[in-house]
Structures are given as structure tokens and as C-alpha cells.
> 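Here it is, the structure, as C-alpha cells.
Computation of the quantities below employed the complete heavy-atom set of this structure, encompassing side-chain atoms and omitting hydrogens, waters and symmetry-equivalent molecules. In this text, all values refer to a predicted model and were calculated from it rather than measured experimentally. First listed ligand is number 1; within each ligand, the first listed atom is number 1.
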Amino acid sequence: MGKKTALVTGITGQDGSYLAELLLSKGYKVYGMVRRSSTEKFERIEHIRDQVEIRQADLLDQLSIIDLIEEAQPDEVYNLGAQSFVPTSWVQPVLTAEFTGIGVTKVLEAIRLVNKKIKFYQASSSEMFGRVIETPQTETTPFYPRSPYGVAKVYGHYITVNYRESYDMYACSGILFNHESPRRGMEFVTRKVTDAAARIKLGLSKELRLGNLDAKRDWGFAGDYVEAMWHMLQQKEPDDFVIATGRTHTVQRLVEVAFERVGLNWKEYVQIDKKFLRPAEVDLLVGDCSKAKNQLGWEPKVSFEELIQMMVDEDLKRLS
Ligand code: NAP
Ligand code: F7E
């Protein structure tokens with residue numbers, strides 16, 4: 001068989017950069033979709049910039065996506081592009097719905113039009129479980145989203161299932177729990193904490209302001225999670241999978257691990273700031289990835305403690 005081709009939307013994001021590396025290592029030709037910007041923001045893919053085909057298109061613009069799929073003729077499309085920061089989804093709920101929700105239909109429609117045989121991966125999220133109906137959460141747990149972001153992801157999830165059932169397309173949805181890395185955006189809580197711990201250690205900052213320390217999340221390593229995405233598109237039949245570690249920790253525990261890594265007592269530096277509380281919170285997430293273990297042979301390799309320590313170490317290196 002010849003070289004496979006993949007198209008990745010959101011290639012400039014955390015997951016896009018790890019997935020592009022993985023696909024290149026497997027010998028794929030990789031197209032990356034980026035939206036037009038007055039300045040290029042390609043830091044996360046700088047090291048592989050000359051190995052991927054970057055093309056401009058936008059999740060808001062149907063024709064641009066059709067043209068790109070027509071040009072790339074991919075075997076696989078990974079739809080990772082989205083407005084992914086939950087607090088912003090209350091400030092820009094309509095835009096979030098357009099990118100994160102309707103954008104999925106635009107990609108599916110483009111595939112249906114150009115070549116129904118193209119395999120499709122949708123980046124669904126544990127935020128769809130929101131105010132959880134059961135614990136741990138599985139592929140059959142009912143959704144109860146708690147943010148405009150979560151609501152948009154539920155739409156994206158069901159439209160993926162619907163195109164699979166309506167048009168017999170190979171469309172999969174990965175319900176991924178929080179996954180982090182040294183490439184995580186600065187405003188997400190793990191990176192905000194590891195960056196602050198490193199800054200305080202180096203004398204560059206004096207305090208860290210946070211919101212709800214009691215929220216619990218199932219945090220894994222992004223490098224592990226992109227492997228699950230790839231596995232989902234290599235099966236005989238398309239299906240949906242929960243990807244998680246099965247362990248949950250509070251935000252406070254995250255803070256403790258990060259500050260312990262730099263030898264400081266977190267209580268001397270962390271302030272609670274109501275500005276970071278959300279209109280509706282997701283209190284507890286913990287996923288059961290048994291189906292992925294059994295059917296994909298996938299399981300997480302990096303533990304929560306290793307992940308946070310890796311992130312602190314990388315932030316220390318970058319800031320030193
Ligand atoms: P991220 O770092 O925020 O990256 C999002 C990507 O989407 C960026 O490349 C961004 O481009 C692109 N994008 C945004 N709006 C776009 C538009 N209108 N047209 C084209 N591209 C657009 O997110 P991530 O953490 O890598 O997550 C990847 C996907 O998985 C997202 O769909 C996210 O919602 C979902 N997800 C993430 C997690 C997690 O814990 N990380 C868990 C579950 C699901 P710019 O660089 O131009 O901004
Ligand atoms: O918040 C609490 C906050 O913003 C985690 C996205 O990738 O994962 C991510 O969504 C928790 C929440 O991620 C601060 O209230 C406390 O309970 O890191 P986060 P998220 O909202 O869980 C899911 C799976 C996605 O799909 C999303 O795209 O931490 N928290 N204090 C704080 N959070 C932030 N950001 N900042 C704080 O100061």
C-alpha cells in the first residue's frame with residue numbers, strides 16, 4: 001500500500017502538534033489546516049514545519065474546507081480545531097457553537113461531498129458529561145453539559161454519530177478526558193500552575209491566583225492520547241471510545257505536586273480569586289477506558305505525578 005495521507009484541523013494546537021509528529025513517524029503525508037492570521041503562530045509545530053503541508057482554511061468557511069479536502073485527498077481527517085477554553089465559551093457562546101459545533105458538520109459535509117470513504121475523527125470531550133449522571137463515565141453515560149463549550153461538543157458528537165449512521169461513513173468520536181503537556185495553553189489550570197511554580201521558584205513571580213481548588217479531573221498526557229485517536233481510525237468498524245486514565249485528582253492536589261517539585265509550600269503563594277470561578281462548574285470527572293483497552297489495545301503510559309513533574313521541569317528549563 002502507498003503512503004497514507006492525513007489532514008489535521010487544529011494542527012497548531014497542543015494535540016495537533018503531537019498528532020502530526022505521530023503521523024509523520026508512521027510515514028504519513030500530513031496536511032495541516034490553519035486559519036489565516038496577521039502573524040503566524042506555529043511555535044508548537046516549528047520543529048516539523050518543513051515536513052507538513054500547511055494550508056489556510058477555516059472551520060467557519062464551508063468552501064475552504066471542501067477545497068482543502070479536494071486538494072489533499074486524505075485517507076484520514078482528524079478534526080481537532082475548536083474554541084477549546086471553557087470560560088471563553090460563556091463570553092463568546094455563539095462563536096464557540098460555530099467553531100466547536102457547526103464546524104464539525106462543515107468538515108463532515110466536505111467529506112461527504114468529496115469522498116465518503118475518507119475516515120473521520122472527531123475530538124469529543126469529557127465536558128459533555130458535565131454534571132455527571134454516573135461515575136466513572138463510560139461510552140454509555142448520558143450527557144449533561146455545563147458550559148456552552150460542552151453543549152457545542154455534544155452537538156459535534158451526535159452529528160458525527162449521525163453521519164456514520166445516515167451515510168455509512170467511517171466517522172469516530174473520541175471522548176477524551178483532560179490531557180496536558182508542556183505544550184498546553186497557558187490559561188488551562190495545569191499549565192497555569194506549573195508555569196507559576198517555576199516562576200515563583202526562579203523569583204520571577206510572587207503569587208498564583210486560582211479559582212475552585214476542589215474540582216476533580218482525570219488528567220492524562222497528550223502524547224499518549226493522540227495514539228488513541230490514530231488507533232480509532234485503524235479499526236474494521238467505526239466506533240466511539242472514552243480515553244482516560246481512570247484516576248481523578250483535585251486542583252489542590254495538582255498544586256501540591258507542582259510546588260513539591262520546586263521544593264516550596266504552595267500555601268504561602270496561592271490566593272483564591274473569585275474571578276476564576278465559573279457560572280456552572282463540572283465538579284468531578286473520571287473516565288473508564290476499558291473499551292479502548294480491550295478493542296484498541298490502548299492504555300495511558302504517563303501517570304498524573306509524572307505528567308505534572310514533566311511540565312514543571314520543562315517550564316523551569318524554558319524560564320531559566
Ligand atoms: P487547542 O490547543 O486550543 O487547539 C485548538 C486548535 O483549533 C488550534 O490549532 C486553533 O488554531 C484551532 N482553531 C480554532 N478555531 C479555528 C477555526 N475557526 N478554524 C480553524 N482552526 C481553528 O486545543 P487542544 O487541547 O489541542 O484540543 C484539541 C481538540 O480536542 C479541541 O477540539 C478540543 O476541544 C478537544 N479536546 C481537548 C481536550 C484536552 O484536554 N486538551 C479534551 C477533550 C477534547 P489557532 O492556533 O489559530 O488558535
Ligand atoms: O480547568 C479549575 C476549573 O480550564 C480545569 C479543556 O481542554 O478539558 C479542558 O477543560 C478545572 C476546572 O480545563 C482555575 O474551574 C481552578 O474545574 O484546565 P481547565 P477544563 O475546563 O476541564 C476538557 C476535557 C476540554 O475538552 C476542554 O477543551 O480547574 N480551576 N482555578 C481553574 N481553571 C482555570 N483554567 N484557571 C484557574 O485559575
> Note the single closest protein heavy atom to atom 19 (P) of ligand 2, along with its residue, its atom name and the distance in Å.
Arg278 NH2, 3.7 Å
> Would you kindly specify which portion of Arg184 sits under 4.0 Å from ligand 1, judged on non-hydrogen atoms: side chain, backbone, both or neither?
side chain
> Using heavy-atom distances only, which candidate in Glu180, Met128, Lys192 approaches atom 38 (O) of ligand 2 most closely?
Lys192
> Begin from the C-alpha positions of Leu22 and Trp230 and carry the test side-chain contact (heavy atoms from CB on, under 4.5 Å) through to its verdict.
CA-CA 9 Å; Leu22 178 75; Trp230 177 78; 3.9 Å; yes
> Sorted by first residue and then second, give each side chain to side chain donor-acceptor pair (under 3.5 Å) pair with at least one member in residues 248-272; sequence neighbours left out.
Gln252-Glu256, Arg253-Glu256, Arg261-Asp313
> Measure the distance from atom 2 (O) of ligand 1 to every protein heavy atom, then report the residue, atom name and distance (to 0.1 Å) of the closest one.
Gln14 N, 3.1 Å
> How does Phe85 reach ligand 1, by side chain, by backbone, by both or by neither, if only non-hydrogen atoms under 4.0 Å count?
neither
> Going by the closest heavy atom to atom 22 (O) of ligand 2, which one wins out of Arg184, Arg191, Arg217?
Arg217
> Does atom CG of Asp168 have more than 12 heavy-atom neighbours from other groups under 6.0 Å away?
no
> Compute both the distance and the angle, then confirm whether Lys192 meets the cation-pi test with Phe276: under 6.0 Å from the six-membered ring centre, within 45 degrees of the axis.
yes
> Using modelled atom types and a 3.5 Å cut-off, is there a donor and acceptor pairing between side-chain atoms of Thr9 and backbone atoms of Gly81?
yes
> Ignoring hydrogens and geometry, is there a side-chain-to-backbone donor-acceptor pair from Glu281 to Leu277 under 3.5 Å?
no
> Which atoms of ligand 1 are found less than 4.0 Å from any heavy atom of Ala123?
29 (C), 30 (O), 32 (O), 35 (C)
> Determine, using heavy atoms of Met186 and all atoms of ligand 2, whether some pair is separated by less than 4.0 Å.
no
> Is it true that a side-chain atom of Lys119 and a backbone atom of Leu233 form a donor plus acceptor pair closer than 3.5 Å?
yes
> Once you restrict to heavy atoms under 4.0 Å, what part of Ser124 touches ligand 1? Side chain, backbone, both or neither.
backbone
> Considering only non-hydrogen protein atoms, determine which one is nearest to atom 37 (C) of ligand 1 and report residue, atom name and distance to 0.1 Å.
His179 CE1, 3.9 Å
> Looking only at N/O atoms, are Asp15 and ligand 1 under 3.5 Å apart anywhere?
yes
> Show which atoms of ligand 2 fall inside a sub-4.0 Å distance from at least one heavy-atom site of Ser84.
6 (C), 27 (C), 28 (O)
> Atom 32 (O) of ligand 1: which of Lys153, Arg44, Gln56, Glu180 has the nearest heavy atom?
Lys153
> Give a yes or no on whether the backbone of Pro142 and the side-chain of Gln137 come within a donor-acceptor separation of less than 3.5 Å.
no
